[in-house]
Amino acid sequence: MRSESSVRYSIVVPFFNEQENIPPLYMKITEVMDSIGESYELIFVDDGSRDNSFKVLSNISEQVATISRGDRARKFWKAL
C-alpha cells in the first residue's frame, strides 16, 4: 500500500451503512492495486453510518496499518 515514496493513487471510498460490503470491497481493491504494482492509499469516509461499518473498518485497520478513515458526520480524520 502506502510507502515512504510519493503515493501514485489515492482511492477515496465513501460509505453509509455498508458493514457487509466493506471487507469484500477492501479485498478487491487491494487485489487489483497490488497487481498494478504502484503505490496507493485507501481513504474510507463514513457518511454517518448507523450500523457497524466503522467497527468493521477498524477491525481491518488493526491488521493493515496503512488505511485512513474519516467520519464526515463528526468531521474528524484519523490515519490508522
Side-chain angles (χ1 to χ4, degrees):
M1 291 247 264
R2 193 181 338 193
S3 66
E4 294 301 315
S5 64
S6 65
V7 174
R8 177 129 172 116
Y9 298 100
S10 294
I11 301 164
V12 179
V13 181
F15 63 91
F16 179 77
N17 294 339
E18 297 291 343
Q19 69 184 27
E20 295 88 12
N21 297 319
I22 290 172
L25 177 63
Y26 169 79
M27 295 300 294
K28 191 59 167 175
I29 291 172
T30 56
E31 175 187 326
V32 169
M33 295 308 295
D34 288 345
S35 73
I36 292 172
E38 298 283 347
S39 62
Y40 67 96
E41 64 183 346
L42 293 175
I43 303 167
F44 287 84
V45 181
D46 185 346
D47 270 343
S49 296
R50 295 191 175 147
D51 65 356
N52 288 320
S53 295
F54 205 74
K55 183 176 181 179
V56 168
L57 183 59
S58 294
N59 290 340
I60 292 171
S61 71
E62 288 175 6
Q63 300 168 25
V64 182
T66 53
I67 295 176
S68 294
R69 67 181 182 193
D71 186 337
R72 201 174 110 178
R74 294 185 194 103
K75 294 188 176 18
F76 99 93
W77 294 91
K78 180 178 180 180
L80 303 175

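As the structure is a computational prediction, the values presented were derived from the model and not from experiment.
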For residues 7-17, which residue pairs qualify under salt bridge (charged side-chain N to carboxylate O under 4.0 Å, His left out), counting only residues two or more places apart or in two chains?
->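 Passing the test, one end in residues 7-17: Arg8-Glu38.
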
Taking all atoms of both residues into account, what is the closest heavy-atom pair of Met27 and Thr30, and its distance?
->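 Scanning both residues completely, I find the closest heavy atoms to be O-OG1, 3.0 Å.
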
Of the non-hydrogen atoms in Ser6 and Ser39, which two are nearest, and what is the gap between them?
->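 That would be O-OG, 2.8 Å.
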
Heavy-atom side-chain contact between Asp47 and Phe15 under 4.5 Å =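 No, too far: nothing below the 4.5 Å cut-off.
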
List in chain and number order the residues that pass side chain to side chain contact (heavy atoms under 4.5 Å, CB included) with [X], two or more places apart in sequence or in another chain; answer none if no residue qualifies.
X: Ile29; answer: Ile11, Val13, Leu25, Met33, Leu42
X: Glu20; answer: none
X: Asp51; answer: Asn17, Gln19, Ser49, Ser53

Can you sort out the partners of Asn52 under side chain to side chain donor-acceptor pair (under 3.5 Å), two or more places apart, ordered by chain and number?
-> none

Euclidean distance, Ser61 OG relative to Phe54 CZ, rounded to 0.5 Å = 8.0 Å

Hydrophobic cluster identity match, Val32 and Ile60, side-chain contacts under 4.5 Å | yes

